[in-house]
Colleague: 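I'd like to ask you about the structure that follows.
These values consider heavy atoms only, across backbone and side chains, with no hydrogens, waters or symmetry-generated copies. Ligands are counted one by one from 1 in listed order, and the atoms in each one are counted from 1 as well.
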Amino acid sequence: MQVTGLQEFLERIEENKGDAVIALAGNPNTGKSTVFNSLTGLNQHTGNWPGKTVVFAKGSYRYKKKNITLVDLPGAYSLLANSADEQVARDFICFGKPDATVVVVDATCLERNLNLALQVMEITPQTILCVNLIDEAKRKKMAIDFSKLADLLGVPVIPTVARDKVGLLDLKESIHRVVFEKQLLQPRRIVYNKVIESAIEKIQEEVEVLVHGSLNSRWVALRLLDGDPTIIREIFNHLQRMDPGDQQSKRALKVVEDCG
Ligand SMILES: Nc1nc2c(ncn2[C@@H]2O[C@H](COP(=O)(O)OP(=O)(O)OP(=O)(O)O)[C@@H](O)[C@H]2O)c(=O)[nH]1
Ligand SMILES: [Mg+2]
C-alpha cells in the first residue's frame, strides 16, 4: 500500500478527533482562521502537511456536550487544484471524510466565492455556508437575502462578522444540527448538458462497485471525465485501499488508472 502525505495527514487528524471533524474551507482571506481562532481559542496546534510546505491547523471546541475538531484549511479558489494549497484543501475535503465542511465566503464578493461552495456541495451534502465580512458588505451598502440564498443552495447559510465574534454561536448551532441532529440537506446539484450527464451515468455505474459510499460516485465520474492526473491518482490510491479484490473491482480500478 502506498503511503501518501494525505494518509499521514488523515492519521494525524484522526488522533483525539472527538465526536466530529469539521473542515473549514474558503477562498484566501475570507476569515477562515479568524473563525477558527474564535471557536478553538488556545486549543489548537499547527503543522505542515507531510512532505509539503503547506501549513494547516487543527483545533477543538466543545458545544452541547460534544467535542468538535476543526481543521483550518489553506485558502482555495477551486477544488480543481492549481496550487499546493488548493490540493491540500481538496484532498482533505474529498478523502478526509469530514463530518461537515464549512465554506467561509466573503459577503462582498459572493459570486466569485460561491464557485468553491458549489464544488464542495458537489462532493458532500454536509456543507454549511458561512457568509463572513457582512460588516464590509453593509459598509458597501450591499444587501444580501440570506434565507433566499439558503433556499437556492439547499444548505444552511450563516451570516457572520468573525472578527467581532458575531454569528459564531449560530455557526456552532448549525454544525451541531447538521452533524448530530441529522438535519437533512439537499444541496443544489449542477446539471451538465446531455452528453456529459449520460457519460457521468455510465462511468458512475462502473465505479460504484469500488466506491461503496466512501466517495461520491458522481463526483468521481466527473473527475475521470476532467482527466486531471493528480486527482485521478489520489482517487486511484483511495480506491485501491478499499478494493475488495474481485474481478469486477479490478476492472473498475483499471478504468480509473487508465484515465490518469
Ligand atoms: N471587517 C472584517 N474583517 C474580518 C472579518 N473576519 C476576518 N477579518 C479580517 O480579514 C483578514 C483575513 O482573515 P483570516 O482569518 O486570516 O483569513 P483566512 O481566510 O484565514 O486567510 P488565508 O488563510 O490566507 O486564506 C484579517 O485581517 C481579519 O482580521 C470580518 O468579519 N470583518
Ligand atoms: Mg487562514
Side-chain angles (χ1 to χ4, degrees), residues 5-6 9 12-13 21-50 52-61 68-94 96 98 100-121 123 127-146 149-150 155-175:
L6 171 64
F9 177 75
R12 279 194 217 165
I13 299 297
V21 176
I22 310 298
L24 270 180
N27 287 10
N29 228 23
T30 54
K32 295 176 296 299
S33 299
T34 310
V35 170
F36 177 80
N37 289 330
S38 298
L39 292 182
T40 62
L42 293 175
N43 296 320
Q44 50 172 267
H45 64 261
T46 53
N48 265 36
W49 181 280
K52 292 200 170 80
T53 52
V54 178
V55 177
F56 74 91
K58 172 183 167 179
S60 64
Y61 69 88
I68 310 294
T69 290
L70 269 188
V71 180
D72 184 18
L73 293 170
Y77 289 107
S78 159
L79 295 182
L80 308 176
N82 295 309
S83 66
D85 277 3
E86 290 186 339
Q87 204 177 330
V88 163
R90 177 200 71 193
D91 284 353
F92 186 63
I93 296 167
C94 300
T101 298
V102 174
V103 183
V104 182
V105 296
D106 178 345
T108 67
C109 41
L110 269 186
E111 203 175 325
R112 186 183 67 193
N113 281 236
L114 285 178
N115 181 33
L116 180 78
L118 288 168
Q119 288 183 4
V120 172
M121 285 157 52
I123 298 174
T127 305
I128 295 166
L129 194 76
C130 169
V131 182
N132 193 34
L133 294 130
I134 52 169
D135 55 332
E136 285 295 318
K138 277 188 190 137
R139 208 172 54 79
K140 292 184 178 170
K141 310 227 178 311
M142 298 167 86
I144 300 169
D145 186 340
F146 297 105
L149 191 57
V155 301
V157 171
I158 313 293
T160 59
V161 184
R163 203 173 56 179
D164 301 338
K165 298 192 190 318
V166 173
L168 295 182
L169 188 60
D170 293 339
L171 183 61
K172 284 199 270 192
E173 179 60 26
S174 182
I175 292 170

Colleague: Answer yes or no: is there a donor N or O on one side and an acceptor on the other, between the side chain of Glu86 and the main chain of Tyr77, under 3.5 Å?
Modeller: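 Present.
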Colleague: Spell out the protein N/O/S atoms under 2.8 Å from the Mg ion (ligand 2) as residue plus atom name.
Modeller: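 Near the Mg ion (ligand 2), below 2.8 Å, one finds Ser33 OG.
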Colleague: Under 4.0 Å and counting heavy atoms only, is there anything from the protein next to atom 14 (P) of ligand 1?
Modeller: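 Under the 4.0 Å cut-off, atom 14 (P) of ligand 1 does have protein heavy-atom neighbours.
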Colleague: Could you pull out the closest heavy-atom pair between Phe92 and Pro98, with the gap in Å?
Modeller: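 So the two residues come closest at O-CD, 3.7 Å.
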Colleague: From the options Ser33, Cys130, Ala162, select the one whose nearest heavy atom is closest to atom 20 (O) of ligand 1.
Modeller: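 The option holding the nearest heavy atom is Ser33.
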Colleague: Under 4.0 Å, heavy-atom basis, I'd like to know which part of Thr34 is in contact with ligand 1: side chain, backbone, both or neither.
Modeller: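 For Thr34, backbone and side-chain atoms both sit under 4.0 Å from ligand 1.
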Colleague: Select one of side chain, backbone, both or neither to describe which atoms of Glu136 lie under 4.0 Å from any atom of ligand 1, heavy atoms only.
Modeller: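 For Glu136, the contact with ligand 1 is made by the side chain alone.
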Colleague: Is there a donor-acceptor pair under 3.5 Å between the side chain of Lys58 and the backbone N or O of Arg12?
Modeller: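 Between the backbone of Arg12 and the side chain of Lys58 there is a qualifying donor-acceptor contact (under 3.5 Å).
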Colleague: Would you list the atom pairs, donor with acceptor, under 3.5 Å between side chains in residues 102-112 and any protein atom, with sequence neighbours excluded?
Modeller:
from: Asp106; atom 1: OD1; to: Thr108; atom 2: N; distance (Å): 2.8
from: Asp106; atom 1: OD1; to: Thr108; atom 2: OG1; distance (Å): 2.7
from: Asp106; atom 1: OD2; to: Thr108; atom 2: OG1; distance (Å): 3.3

Colleague: Within the 4.0 Å heavy-atom shell around Pro28, which atoms of ligand 1 are there?
Modeller: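 Ligand 1 atoms under the 4.0 Å threshold to Pro28: 25 (O).
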Colleague: Looking at Ile123 and Cys94, what are the two nearest heavy atoms and their distance?
Modeller: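 So the minimum-distance heavy-atom pair works out to CD1-SG, 3.5 Å.
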Colleague: To check your reading of the model: name the closest protein heavy atom to atom 12 (C) of ligand 1, its residue, and the distance in Å.
Modeller: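 Looking at atom 12 (C) of ligand 1, the protein heavy atom closest to it is Asn29 OD1, 3.2 Å.
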Colleague: For atom 1 (N) of ligand 1, which candidate among Thr160, Val166, Asp135 holds the nearest heavy atom?
Modeller: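 It is Asp135 that holds the nearest heavy atom.
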Colleague: Please list, in number order, the atoms of ligand 1 under 4.0 Å from a heavy atom of Val161.
Modeller: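 The atoms of ligand 1 under 4.0 Å from a heavy atom of Val161 are 30 (C), 31 (O), 32 (N).
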Colleague: Taking N or O atoms only and a 3.5 Å limit, does Gly31 qualify as a polar contact for ligand 1?
Modeller: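 Between Gly31 and ligand 1 (N or O atoms, distance only) the closest approach is under 3.5 Å.
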Colleague: Taking the side chain from Lys32 and the backbone from Asn27, do they hold a donor-acceptor pair closer than 3.5 Å?
Modeller: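 Checked: pair present.
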Colleague: Just go through Lys165, Arg163, Lys32, Arg139 and tell me whose heavy atom is the nearest to atom 9 (C) of ligand 1.
Modeller: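 Nearest heavy atom to atom 9 (C) of ligand 1 lies in Arg163.
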Colleague: Heavy atoms only: give me the nearest Leu73-Ala25 pair and the separation to one decimal.
Modeller: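 Smallest heavy-atom distance, with atoms named: CD1-CB, 4.4 Å.
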Colleague: Write down the atom of Ala137, the atom of Ile144, and the distance for their closest heavy-atom approach.
Modeller: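 Smallest heavy-atom distance, with atoms named: CB-CD1, 4.4 Å.
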Colleague: For ligand 1, which atoms sit closer than 4.0 Å to a heavy atom of Gly75?
Modeller: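 Here the atoms of ligand 1 in question are 25 (O).
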Colleague: How close do Gly31 and Ala162 get, counting heavy atoms only, and between which atoms?
Modeller: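 For Gly31 and Ala162, the tightest heavy-atom pair comes out as O-CB, 4.5 Å.
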Colleague: I'd like to check atom 4 (C) of ligand 1 in this structure: does the protein have a heavy atom lying under 4.0 Å from it?
Modeller: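 Given the 4.0 Å limit, the answer for atom 4 (C) of ligand 1 is yes, a protein heavy atom qualifies.
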Colleague: Regarding Thr30 and Asn132, do their side chains bring together a donor and an acceptor under 3.5 Å, going by distance alone?
Modeller: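 Asn132 and Thr30 do not have a side-chain donor-acceptor pair below 3.5 Å.
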Colleague: For atom 6 (N) of ligand 1, what's the nearest protein heavy atom and its distance?
Modeller: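 Residue, atom and distance for the closest contact: Asn132 ND2, 3.1 Å.
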Colleague: What are the two closest non-hydrogen atoms of Gln119 and Leu80, and how far apart are they?
Modeller: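 Closest approach of Gln119 to Leu80, heavy atoms only: OE1-N, 3.9 Å.
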Colleague: Has the side chain of Asp170 got a donor or acceptor atom that lies under 3.5 Å from a matching backbone atom of Ile158?
Modeller: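 It does not hold such a pair.
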